[in-house]
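What follows is a single structure, written as structure tokens, with notes after it.
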Amino acid sequence: MTAHRHGRLHPHIKPTFTAVGAALPAASADMFDSELEAITHGPAVSGAALDDFLSSWWRIATRAAANLAR
């Protein structure tokens with residue numbers, strides 16, 4: 001079975017910290033900023049943790065934007 005895309009399911013949001021943060025609703029943006037600060041202000045910054053963080057928040061931002069577009 002294959003899935004066919006009928007239009008874009010998710011608006012295009014670049015997977016960058018700036019683009020994702022800007023695409024979030026205000027309540028989520030505060031959590032995004034808080035979590036990012038916690039990750040980047042530790043004794044050592046983990047690239048894997050930053051990647052996981054950005055991937056997770058990108059999915060949240062695209063879902064939020066898709067809901068607004070409906």
For residues 41-52, dump all side-chain donor-acceptor pairs below 3.5 Å to protein atoms at least two apart in sequence or in another chain.
{"from": "His41", "atom 1": "ND1", "to": "Glu37", "atom 2": "O", "distance (Å)": "3.0"}
{"from": "Ser46", "atom 1": "OG", "to": "Ala48", "atom 2": "N", "distance (Å)": "3.4"}
{"from": "Ser46", "atom 1": "OG", "to": "Ala49", "atom 2": "N", "distance (Å)": "3.1"}

* Taking all heavy atoms of Ile13 and all of Ala65, pick out the closest pair and write down the distance. => CD1-CB, 4.0 Å
Return a table of donor-acceptor pairs under 3.5 angstrom between the side chains of residues 15-36 and protein atoms on other chains or two or more places apart.
{"from": "Thr16", "atom 1": "OG1", "to": "Ala19", "atom 2": "N", "distance (Å)": "3.1"}
{"from": "Glu35", "atom 1": "OE1", "to": "Trp57", "atom 2": "NE1", "distance (Å)": "3.2"}

